[in-house]
Amino acid sequence: MKKAWWKESVVYQIYPRSFCDSNGDGIGDLKGITGKLDYLQKLGINVIWMSPVYKSPNDDNGYDIADYQAIMDEFGTMEDFDELLLEAHQRGIRIVMDLVVNHTSDEHAWFMESRSSKDNDKRDYYIWRDAKDGKEPNNWGSCFSGSAWEWDETTRMYYLHCFSKKQPDLNWDNPEVRDKVFEMMTWWCEKGIDGFRMDVISMISKPAGLPDAPIAEGALYADCMVTCNGPHVHEYLQEMNRRVLSKYDIMTVGETAGVTIEEAKKYANSDGTELNMVFQFEHVGLDGGLADKWKKDKISLPALKENLTKWQKELADVAWNSIFFCNHDQPRVVSRLGDDSPVSAKCIATMLHMMQGTPYVYQGEELGMTNCPFGPIENYRDIESINAYHELTEAGLRQPEELLECIAYKSRDNARTPMQWDDSENAGFSTGKPWIMVNPNYREINVEKELADEDSVFYFYQKLISLRRRSQWSDVIVYGDYELLLPEDEAVFAYTRKLGEQKLLVLCNLSDKDVTVALPEGAAGEVKAILITNTAEAPELAEKVKMTKWQCAVYEV
Ligand code: GLC
Ligand code: CA
């Protein structure tokens, strides 16, 4: 397998609004991030992906961009950005930017021109259609509720927005749009950034003719996921690769909602003609995460194993995986797969970090930060949660209380509460009133406390990262072959990694019960080393292995 720095990296995702506020306005900012680089260096990560920091009216917290070459007022200035980049580079940390080019803000200059008249030269930068029988041009729904079409009185036509109506979709079929996007990307690359995470990049090529799509039961509109993996998406990414990406030593990861194995093999092909890797979402959809998000079902472990194993095996040698469970759109994994306890956080981390692919740690995950008890809908800030609550209750499709419980479990805001730095007011995030509530458990879970406790989740992540990045097992952890054991077991996620003479055995009891598992013959063997465990001692390897609840261990055998 071809070696590459981005395969050997561990990425840390920052949601700038919620990371650290340097000036007391209640909103995290760039100076706040720069001030915490030493902390990140201590954790051991070598790449930061920042959610968008560009100028934005914040309808969707920066995923609605009004100017790709300016910094959001609340986050600081371009000088602050340059300083962050420099300070990160001095610590050997690379910076990956969020690239949101499926859509812009409706306050972007392009859109303001585009909507001004039918013959404006930017008219075709966006997707405009006439009304059909006095209604929307098709039955697609926005990912944030309601129709995906907005009527615009000025020219009496509709424009397409797969997300909020303040996020009009760009028309990638227009070569001039591609030119502009590639120019902007080049500008950032010339500035010295180290890569792009590409927002909903699988949605940029819309199906020809924008046809109606089936409407699922209990839904009001067709899912705009119909725009995923469209007819020209690979062609456009190959063009982007030729014209921009291939000219720089950068890393790229596509957020590819709706991606299948076959599609991922194209997006992240190892010939390097498109992107380095993609985020796939099947595993975080196993509890109704994509099509029917607002549920409280638990993910079944055999299903999770089957899914992650499929991605491990199918992409091996031909593409590259990214490994994650948390990001700014997902609830906290320790509340989802675990029981909010530090020991369960460590077990989940081990299960993920010993797999093949580039791991992503989302801010606070390394502390075991949990979902937040928000209470009433008024305490939420996320457009997706708020719109869904109103749409589904007003249409009588869901009961408010029951829906609110599901929103509490799944809302993206769970990931967006302020980073918990210490036990002072506002968790040390800000001296002002934070833009979103602080998780009340910040006195128990915070950086200061964890740095003072060698058994903390923080030091466990630090160890996992150093095993991957600089240990005698780095190669087998990064490049080794993956093999699942015990596919049917309801409690234990077990697998091996193999490279040359080295073989690792990973055992994770992802259940809140003590268990005894019988390993398949030949799986164990003589223990040469114990790489990591989350209990005082690792379980003894024998034909039958006894594991306490949430216990995990990695052995060299
Ligand atoms: C992606 C982002 C999400 C955002 C959406 C629209 O899914 O991760 O936060 O709301 O795209 O840009
Ligand atoms: Ca601030």
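Predicted, not measured: the structure shown is a model, and the values here were computed from it. Atoms within each ligand, like the ligands themselves, are counted from 1 in listed order. Atoms considered below: every heavy atom in the structure, side chains included; atoms not considered: hydrogens, waters and symmetry mates.
Neither the backbone nor the side chain of Phe281 comes within contact range of ligand 1; no heavy atom lies under 4.0 Å. Counting heavy atoms under 4.0 Å from ligand 1, residue Met203 does not touch it at all. Contacts between Glu384 and ligand 1, counted as non-hydrogen atom pairs separated by less than 4.0 Å, are absent for every part of the residue.
For ligand 1, the atoms lying closer than 4.0 Å to a non-hydrogen atom of Arg412 are 3 (C), 4 (C), 9 (O), 10 (O). Of all the atoms in ligand 1, the ones that sit under 4.0 Å from a non-hydrogen atom of Phe144 are 10 (O). Within the listing of ligand 1, atoms 2 (C), 3 (C), 8 (O), 9 (O) sit less than 4.0 angstrom from a heavy atom of His328. Those atoms of ligand 1 that come under 4.0 Å of a heavy atom in His103, given as number and element, are 6 (C), 12 (O).
Cation-pi geometry between Arg123 and Trp128 is satisfied (NZ or CZ under 6.0 Å from the ring centre, within 45° of the ring normal). For the pair Arg17 and Trp435, the distance from NZ or CZ to the six-membered ring centre is under 6.0 Å and the angle to the ring normal is within 45 degrees.
Ring-plane geometry between His234 and Tyr267 is classed as tilted, the angle between the planes lying from 30 to 60 degrees on a 0 to 90 degree scale. Between Phe324 and His283, the ring planes lie perpendicular to each other; the angle is over 60°, past the 30° to 60° tilted range. A perpendicular orientation is assigned to the rings of Trp151 and Tyr158, their planes being inclined by more than 60° (bins at 30° and 60°).
Looking at Asp21 and the Ca ion (ligand 2) together, the shortest N, O or S contact belongs to OD1.
Closest protein heavy atom to atom 5 (C) of ligand 1: Phe163 CE2, 3.7 Å. The protein heavy-atom contact nearest to atom 7 (O) of ligand 1 is Glu255 OE2, 2.8 Å. Given atom 1 (C) of ligand 1, the protein heavy atom at minimum distance is Asp199 OD1, 2.8 Å. At the shortest separation from atom 10 (O) of ligand 1 among protein heavy atoms lies Asp60 OD2, 2.5 Å. Asp329 OD1, 2.7 Å is the protein heavy atom nearest to atom 9 (O) of ligand 1.
With the Ca ion (ligand 2) as vertex, Asp25 OD1 and Ile27 O subtend 90°, rounded to 10°. Our summary of the site lists the angle at the Ca ion (ligand 2) between OD1 of Asn23 and OD2 of Asp29 as 90°, to the nearest 10 degrees.
The environment of NZ in Lys55 is sparse: at most 12 heavy-atom neighbours from other residues, nucleotides or ligands sit within 6.0 Å. In Glu235, the CD atom is crowded: over 12 heavy atoms of neighbouring residues, nucleotides or ligands sit closer than 6.0 Å.
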- Item | Worked check of side chain to side chain donor-acceptor pair (under 3.5 Å) between Asp169 and Tyr159 | CA-CA 8 Å; Asp169 283 53; Tyr159 65 85; over 6 Å; no
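Atom CG of Asp179 and atom CG of Asn174 lie 8.5 Å apart (nearest 0.5 Å).
Taking the centre of each ring, Tyr442 and Phe429 stay at or above the 6.0 Å mark.
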